[in-house]
2 protein chains.
Amino acid sequence: MSSIADVARLADVAKATASRALSGRGYVSAETRQKVVDAARQLGYVASQNAASLVTGRTKSVGVIIPFINRWFFAEVLEGVEEALLEQGYDMTLYNLPLASPERERVFEFFLARKRFDGIVSVGVALSDAEVNHLHRLGRPLVGIGGAIRGVPTISIDDVAAARLATEHLLSLGHRDIVHVGGSRVNEMDFHVHRNRYGGFEAAMTEAGLPVQGCLHTSEFTVPGGHERGLALLGDPRQRPTAIFAASDEIAIGLIVAARELGIQVPAELSVIGIDGHPYSTMFRLTTLEQHPRRQGQLAVASLLAEFENPTLGGHDDASTVLQTNLVIRSSTSAPRQPTVSGS
Amino acid sequence: MSSIADVARLADVAKATASRALSGRGYVSAETRQKVVDAARQLGYVASQNAASLVTGRTKSVGVIIPFINRWFFAEVLEGVEEALLEQGYDMTLYNLPLASPERERVFEFFLARKRFDGIVSVGVALSDAEVNHLHRLGRPLVGIGGAIRGVPTISIDDVAAARLATEHLLSLGHRDIVHVGGSRVNEMDFHVHRNRYGGFEAAMTEAGLPVQGCLHTSEFTVPGGHERGLALLGDPRQRPTAIFAASDEIAIGLIVAARELGIQVPAELSVIGIDGHPYSTMFRLTTLEQHPRRQGQLAVASLLAEFENPTLGGHDDASTVLQTNLVIRSSTSAPRQPTVSGS
DNA sequence: GGTTATCATGGAACCGGTTCCATGATGCGC
DNA sequence: GCGCATCATGGAACCGGTTCCATGATAACC
């Protein structure tokens with residue numbers, strides 16, 4: 001493996017000149033630059049980023065913390081982040097930290113501390129104040145995706161608004177007997193997504209003068225999770241709602257599969273709406289609020305790179321970007337067969 | 001940010017001693033080590049891996065090349081790889097390279113060349129000889145997952161055997177009219193998985209004295225892909241097979257959903273078998289051949305780390321590990337309703 | 001008790017880049 | 001023609017670790 005000294009020797013210039021020629025910083029005559037570039041090409045020279053990082057302090061690498069890889073939203077974000085970073089010459093180093101991982105502390109104290117990253121992207125992870133401080137002390141910018149972290153710029157959709165829109169769509173079709181299948185409100189670490197989506201549902205229902213008591217049914221955010229909940233929830237025709245707002249498309253799809261297994265017609269007997277725009281939503285003809293996690297990943301990277309250019313001196317930069325979701329109406333929702341009389 | 005010089009000063013020893021005390025290499029008295037460790041803790045010192053890499057040549061980082069993130073098999077492998085690496089103190093840097101990516105060359109020539117990795121894991125990517133040589137010239141070990149690369153140790157299942165087992169399961173139930181829904185044979189870059197799974201199917205059919213002509217139906221390896229193919233394939237009752245061997249569970253699930261939509265009873269009128277052990281397979285009661293991609297990822301890391309310890313001097317180490325798949329029988333397969341007379 | 005092996009430590013070189021500083025050459029304005 | 005700004009280049013220091021080598025101090029052995 002050749003070093004810059006080899007290149008300099010071959011081009012018959014000093015190391016300093018070779019460095020300037022290749023990096024494009026400082027004065028080098030066009031002629032000399034060409035000599036150096038030729039020599040580098042001839043030797044197949046690629047600069048050691050490590051050595052450069054040591055002196056410049058820039059690593060050309062970004063760390064990403066994410067609780068799941070094998071879930072659509074997260075995988076999609078990851079693809080967006082990776083693509084955007086690669087384009088800018090950055091490496092992406094991935095830390096898959098389940099919400100309550102024992103590795104968590106180790107990652108923050110050791111992995112993230114060894115000065116390998118120019119910045120950090122935190123996806124769908126609620127960071128504790130201690131963790132945020134830890135990262136801030138490293139002096140590296142941090143951006144979040146999927147939920148607000150105090151004092152950290154964040155890319156996300158407005159979960160409350162999206163949930164409200166979804167619920168209002170069902171209400172506008174004439175449904176009164178609506179339940180919400182989503183995450184538990186008590187899970188603090190899960191980034192308020194659960195709470196917010198329930199909150200939007202609650203707001204819309206209350207505004208329509210409907211009670212929300214007993215309307216929350218919890219589920220894992222997966223297809224099997226929704227399926228399991230669906231079998232339990234829809235089994236008894238007597239207490240079956242006419243519409244369900246699912247907190248994610250995966251849950252919604254599980255519900256639809258369960259409904260089909262139980263012989264319940266969707267949407268004639270049951271309307272289902274989700275949030276996501278999951279690739280499966282088309283084949284299940286699912287009405288949903290589309291978001292674009294890949295784009296969220298790209299925006300997070302753009303925001304991070306901007307921070308590299310001109311750091312905001314640790315100021316509480318609450319430049320949070322809130323993205324629109326758009327309602328895609330397919331045929332999993334319709335007016336209820338016959339308007340139910342409110343109150344059971 | 002404190003450096004080892006700060007630690008040494010605080011502990012009143014030389015840099016060299018501090019380094020030995022913290023790394024555990026070389027002679028240091030217990031007493032001195034304690035002094036240094038205390039000083040390091042007091043300063044919140046974490047060694048710069050960059051600086052260490054520069055002199056040792058070990059980066060404590062592994063690069064991973066993968067064509068998809070948002071597919072079950074790949075995401076699962078990734079989780080396994082990441083988990084195993086983290087446990088050993090390694091970082092994982094991810095390159096998401098779609099099969100025919102324009103970025104591909106740039107990643108090999110530039111990103112992988114900047115001496116940042118101790119080794120590379122290539123998942124489900126058929127590398128060209130040129131690419132393998134390129135990596136070998138870097139002198140870094142390389143392991144593959146999901147298909148053989150010439151001269152590179154690889155972790156995979158025996159796709160031919162698994163496909164054969166799946167087909168034999170259908171045959172043993174009495175099916176004669178079986179088709180295969182899978183990948184196209186012509187896609188060279190797609191790691192022979194398609195070819196091998198078809199190959200196993202073909203072998204089993206031929207052995208049973210059945211023709212395979214016209215039995216291959218291609219599909220994307222996704223649920224919507226299987227669904228689309230299912231609607232087309234199962235629409236006409238006259239030429240409907242009694243059983244389908246799907247090359248992946250996602251395809252199989254798409255087929256089952258399509259069958260249900262068409263009012264076809266599974267397994268009474270149609271048996272479906274897949275390969276994977278996808279988490280959705282339980283809820284769709286899918287018979288399948290389970291593989292464990294997460295474990296494959298872990299094994300790949302183990303193999304790579306072993307190579308770090310004692311390099312095999314670039315010898316063609318064909319220590320490929322072939323993992324067993326095991327047949328999990330659920331209720332998507334059964335004997336055909338009435339034995340069909342062979343030959344339509 | 002002298003020689004030697006083992007242990008403990010410090011100084012200095014080194015990894016491979018980047019950047020500061022000094023030096024020299026050139027071009028420009030007056 | 002002189003002074004100064006700009007450009008081009010080389011030498012050397014430096015980033016933050018690790019490791020080689022030299023020096024001393026102990027302990028072990030005959």
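The sequence lines fix the lettering, A, B, ..., with proteins before strands; numbering per chain opens at 1.
- For B:Thr32, taking side-chain heavy atoms from C-beta onward, the closest of the listed nucleotides C:dT18, D:dA8, C:dT9 is C:dT9.
- Between the base of C:dG10 and the side chain of B:Arg20 there is a donor-acceptor pair shorter than 3.5 Å.
- Listed pair A:Thr17 / D:dT9 fails the phosphate criterion, with no side-chain N or O lying under 4.0 Å from OP1 or OP2.
- Closest to the side chain of A:Ala52, from the set C:dG16, C:dG10, C:dT18, is C:dT18.
- For B:Lys15, no side-chain nitrogen or oxygen approaches OP1 or OP2 of D:dT19 to under 4.0 Å.
- No side-chain donor-acceptor contact under 3.5 Å links A:Ser320 to the backbone of A:Pro153.
- Following rounding to the nearest Å, B:Asn50 (CG) and D:dG16 (C1') show an atom-to-atom distance of 10 Å.
- Rounded to whole Å, atom P of C:dC7 lies 17 Å from atom CD of B:Glu31.
- For B:Ala16, counting side-chain heavy atoms from C-beta on, the closest listed nucleotide (C:dG11, D:dC15, D:dT18) is C:dG11.
- Summarising the local packing, CD of B:Glu109 is surrounded by more than 12 heavy atoms from other residues, nucleotides or ligands at distances under 6.0 Å.
- Separating the CZ atom of B:Arg58 from the P atom of D:dT18 is a distance of 13 Å, rounded to the nearest angstrom.
- Atom pair B:Arg25:CZ and C:dC7:P shows a separation of 18 Å (rounding to whole Å applied).
- In summary, the side chains of A:Asp38 and A:Gln42 do not present any donor paired with an acceptor at a separation below 3.5 Å, with no hydrogens or angles considered.
- Between A:Tyr27 and the phosphate of D:dA8, there is no side-chain N or O to OP1/OP2 separation shorter than 4.0 Å.
- For A:Gln49 and D:dC15, the CD to C1' distance is 14 Å, given to the nearest whole Å.
- Listed nucleotides: C:dC15, C:dG17, D:dT18. Nearest to the side chain of B:Leu54: C:dC15.
- The phosphate of D:dG16 (OP1 or OP2) has no side-chain N or O of B:Tyr45 nearer than 4.0 angstrom.
- Of the candidate nucleotides D:dA8, D:dC15, C:dC15, D:dA8 has the atom lying nearest to any side-chain atom of A:Ser29.
- Distance, B:Arg33 CZ to C:dC7 C1': 12 Å, rounded to whole Å.
- Base engagement by A:Ser19 is indicated by at least one non-hydrogen atom pair under 4.0 Å involving a base atom.
- With rounding to whole Å, B:Asp12 atom CG is found 15 Å from C:dG11 atom C1'.
- Nearer the 5' end of DNA chain D, as judged by each residue's closest nucleotide, is the contact made by A:Val13, out of B:Ala5 and A:Val13.
- Of the candidate nucleotides C:dT19, D:dG16, C:dG10, D:dG16 has the atom nearest to the side chain of B:Ser48.
- The aromatic ring centres of A:Phe221 and A:Phe74 sit 6.0 Å or more apart.
- A:Ser122 has its side chain within reach of A:Leu127: a pair of non-hydrogen atoms, C-beta onward, lies under 4.5 Å apart.
- For B:Arg33, the CZ atom is densely surrounded, since the number of other residues' heavy atoms within 6.0 Å is greater than 12.
- Note on A:Lys115: every side-chain N or O is 4.0 Å or more away from OP1 and OP2 of D:dC15.
- Nearest to the side chain of A:Ala14, among C:dT18, D:dG10, C:dC15, sits D:dG10.
- Counting to the nearest Å, the P atom of C:dC15 and the CD1 atom of B:Ile4 are 19 Å from each other.
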